[in-house]
Every structure is written in structure tokens, then in C-alpha cells.
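Everything numeric in this text was worked out from a predicted model, so none of it was measured. Excluded from the calculations below are hydrogen atoms, water molecules and symmetry mates; all remaining heavy atoms, backbone and side chain alike, are included. Sequence lines set the chain letters: A, B, ... in the order given, protein chains first and strands last, and positions in each chain run from 1.
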Number of protein chains: 2
Amino acid sequence: MASGQGRVLELAVLGSLHETPLHGYELRKRLNALLGMFRAFSYGSLYPCLRSLLAQGLIAEEQPAPTTIVGGRSKIVYKLTAEGKERLQELLTQAGPSAWEDESFGVHFAFFRHTEAEVRLRILEGRRSRLEERLDSVRTALARTRERLDSYTLELQRHGLESVEREVRWLNELIATERRASQEPEQETTSTDE
Amino acid sequence: MASGQGRVLELAVLGSLHETPLHGYELRKRLNALLGMFRAFSYGSLYPCLRSLLAQGLIAEEQPAPTTIVGGRSKIVYKLTAEGKERLQELLTQAGPSAWEDESFGVHFAFFRHTEAEVRLRILEGRRSRLEERLDSVRTALARTRERLDSYTLELQRHGLESVEREVRWLNELIATERRASQEPEQETTSTDE
DNA sequence: GCGTCGATGTATCGCGCCGATACATCCTGA
DNA sequence: TCAGGATGTATCGGCGCGATACATCGACGC
């Protein structure tokens, strides 16, 4: 497949490094603090990702003042290159399934600050329809079920349905807010900052 | 690793086949109807899993009346063997991290009907403390954050926190119900526990 | 001074499982 | 009549998690 379809990590790393240079260990901490509620980043994917990004020239090692280093303490600080910033912008522009699936939506959302309003809206709507389609399929499957389910299965269904419905409602609010915000500034063509 | 640590699929397949014999396609539909809100089972893992279970003798192919088959229509129906039932019981007895992690908890819960009350309780409590520990780490990381976060990041945190808190509350209710149910047969000690 | 324990730090390996894809048959409807 | 959709089995690439292995550091007790 065309490179970089499912790489959630690439966006996560590039996005984090955009704020400030970091080394692997702290990068992971940041990421888990930011998205720990949704997913858990691990070294097993982080370091290979950093290596790959380094090889692509999207990030670079940053040397601290070498005089202060005494014991040759290894601590590799990475920073975004110009190409990396470009790539990040490119990733932030993409509004496709790779943006609104379970694993990736949170990451994309976390960097919405750097995303264009139009793209934000399309991602939010994409996620919403993804969830609604899931609700549909589960509901119809449930309705077609002949045998009566035990109470645990039922409770699991109920809880799952409720969770997803709740997220849909959350998305509805976000979408409404986005729409409102994009129409409010009649005068002035909005700030195309950075 | 000792075999069968992370295999959520094994339990899912064995558990489903315990109800009634099924073939791959329908097995997947069942599973996705049952757990589609939490995860999506795919053929890419289902068929290899079936093959593995078959090789282990935990499931077996079931022949329909061969006279009615005309065109050599392939439709491989699997059923649980005696060993399979044993293995299923074994899996249902295990209350460990492999039971209360995100991907596996739903599957274990879905078959709680066949699980001992004590094991059910331990899994529910394990899941709860898993979530609380996650809440803790994210909350403290958030509190330690110096820089002020943008509104999107904040909203993501808020939503994530709320979702997890909600699940904890759900678990609390379930645990209370389990406790009540296990004490009902005795005269009540008016337990003011916790 | 000495041991140990936890946090910091980089790195790799196995492999479970997903998504996409291919291919074949059956049924339904325009 | 034939296209399209549901049914059905199967494989391949590869992402990313969990476990693990090291190494250094500061803090603590003793």
C-alpha cells in the first residue's frame, strides 16, 4: 500500500516533536499522558518509528552543548526537520478512514489545533458516521437474533451501545461548535495563522 | 511464552462454538454482532485460529448429511470437541491481566454465564483497578503539565477521563450486584462494606 | 562505604491480529 | 440475462503491543 496509511505513530511523533524536541523516553511519556486513556504507546513501536523517521530525514538528532556531557551519557534528542514539518502538515490535511478509526482518531484529534477547520469537520463527521454505521449493524444483528440472550450478554450490549451513543452525542456537539465557529466570523476572512 | 496468553480469539471461538456448531463466516458474524461495539474480528485472524484449534483437536469438522450436498459446496462447520470444552472451562477459570485488558475484557464478559461467580468478581475487580490505575497516571501527568493545553487537547482529556470514569461506575454496579447475589442465599449481615 | 530499589534511558524480538484482497457460488431483481 | 450483493474460504503484509534485556542515575537505609 502507499506508504504511511495506517501509521498512527508517525503522526503522533511528528506532532509531539512539533511542540518541542524530545528524546524517546519522554516522548512516550508525553504520548501516554496525552492519549493514555485511549491507547498505550510502547517502545516496541516507538523506537523503530523514530529510526524510520530519522532515515527519511523527517526528524534529526539534536546535540546539546557537548562540553557539558561528561560520562558520554546517551540521550538522543530528536527534533523536527523542515521536511518533517511539511510531512506533518500533509498528514494533518488527510481526512480519510485512517483519521477516524478507533486507534487513530484520538491522535488526529489531539493535534486539531494545527488542522484546518474544514478538515477537522470532515474528520469529526467521518468518525460519527463510522460509529453510526457500527450502531446500525449491531442493532440490526441484535434485532435478528432469535435466541434470547443471557443477562450478561444483554448488559454488555447495553453498555456498548450506550458508550457509542454517548460518543456520537459528543461528536454532535463538537460538530455543532465547529460549524458555529466557522460561520461566526462574517467580517474578516479568519486568521490563517501559521 | 506459555501458549495461549493473549489469544482472545481462542476464547471467543470456543465460547461461541459451545452454544452451537458454526462455520467461519457465520462465526465472524456472531462475534461481531456480540462484540462489534468493542472490537472487530477479521478473517485474517479467524481462519488461522480455526486451523490452529483444529490441529490441537479442540474443535472438529462436522459433516452435514452428505446426500444433500450436490455441487461439492464447501461449507466447513466446526463443533467443539470434549477437549475443546475442557480447554474452554480452563480459559473461563483464568482471572488474570489477560482477562481484563481492553481487548479481552469484553470477550470474557460475554461468556460470564459460563464463568464461576468468584472468577467473575475477580475479573471485574481486576478491570476496575486497571482503569483506576490508568486514571491515576493520566491525572497526575496532567497535573504535572506545565504548559497550558489548547482547547482540543483539553476536550479530548475531558472526554477520555469521563468515559473511563463512566466505565468504572458501571463496574462498581456490576460488582455490587455480584456481591449481593453471592450473599443472598445466606441471611444478610447488613454488610456496610466500603 | 555498600547494597538495593526505582526512575530514567535505549533497544530488540516474537507474534497476535487487522485490513485488504482474491476467488468462487448462490440468489435476487431490473 | 446479467450485474450486484450476500455467502463462503483463504492468504499476505505488516503495524504495534508486551516482554525483555541492558545500562546509568539518585535516594534511601544501615
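Residue A:Tyr25 places at least one side-chain N or O under 4.0 Å from the OP1 or OP2 atom of C:dT8. A close approach under 4.0 Å does not occur between any side-chain nitrogen or oxygen of A:Tyr43 and OP1 or OP2 of C:dA11. Close to D:dC17, at under 4.0 Å from its OP1 or OP2, lies a side-chain N or O of A:Ser45. Residue A:Lys29 places no side-chain N or O under 4.0 Å from the OP1 or OP2 atom of C:dG9. Distances shorter than 4.0 Å separate some side-chain N or O of B:Arg51 from OP1 or OP2 on D:dT11. Taking 4.0 angstrom as the limit, B:Arg7 places none of its side-chain polar atoms (N or O) nearer than this to OP1 or OP2 of C:dC15.
Checked against C:dT12, C:dG19, D:dG16, the side chain of A:Leu9 finds its nearest nucleotide in D:dG16. In this structure, the nucleotide among D:dG16, C:dC17, D:dT9 sitting nearest to the side chain of A:Arg39 is D:dG16. Checking D:dA10, D:dG16, C:dC18 against the side-chain heavy atoms of B:Ser42 singles out C:dC18 as nearest. The side chain of A:Glu103 lies closest to C:dG19, out of D:dA10, C:dC17, C:dG19.
The residue B:Gly24 sits close only to the backbone: its heavy atoms come under 4.0 Å of sugar-phosphate atoms, none of a base.
Between the CG atom of B:Leu46 and the C1' atom of D:dG8 there is a distance of 12 Å, given to the nearest Å. We find that CZ of B:Arg28 is positioned 13 Å from C1' of D:dT9, with the value rounded to whole Å. The CG atom of A:Asn32 sits 13 Å away from the C1' atom of D:dG18 (whole-angstrom rounding). Separating the OH atom of A:Tyr47 from the C1' atom of D:dT20 is a distance of 14 Å, rounded to the nearest angstrom. Rounded to whole Å, atom C1' of C:dC17 lies 14 Å from atom CG of B:Leu50. Distance CD (B:Glu26) to C1' (D:dA6): 13 Å, rounded to an integer number of Å. With rounding to whole Å, A:Arg30 atom CZ is found 16 Å from C:dG9 atom C1'. Atom CH2 in B:Trp100 sits about 16 Å away from atom C1' in D:dG18, given to the nearest Å.
Checking side-chain atoms of B:Ser45 against main-chain N and O of B:Phe41 turns up no donor-acceptor pair under 3.5 Å.
Across every non-hydrogen atom of A:Gly24 and A:Leu46, the tightest pair is O-CD2, 3.7 Å.
The 5' end of DNA chain D is approached more closely, in terms of each residue's nearest nucleotide, by B:Tyr78 than by the other of B:Tyr78 and A:Gly44.
Relative ring orientation between A:His159 and B:Phe38 is described as parallel, the plane-to-plane angle staying below 30° on a 0-90° scale split at 30° and 60°.
Linking ILVMFWY side-chain heavy atoms closer than 4.5 Å, directly or via other members, places B:Phe105 and A:Leu161 in a single hydrophobic cluster.
Looking at B:Lys79 and B:Glu61, no side-chain N of the basic residue comes within less than 4.0 Å of a carboxylate O on the acidic one, giving no salt bridge.
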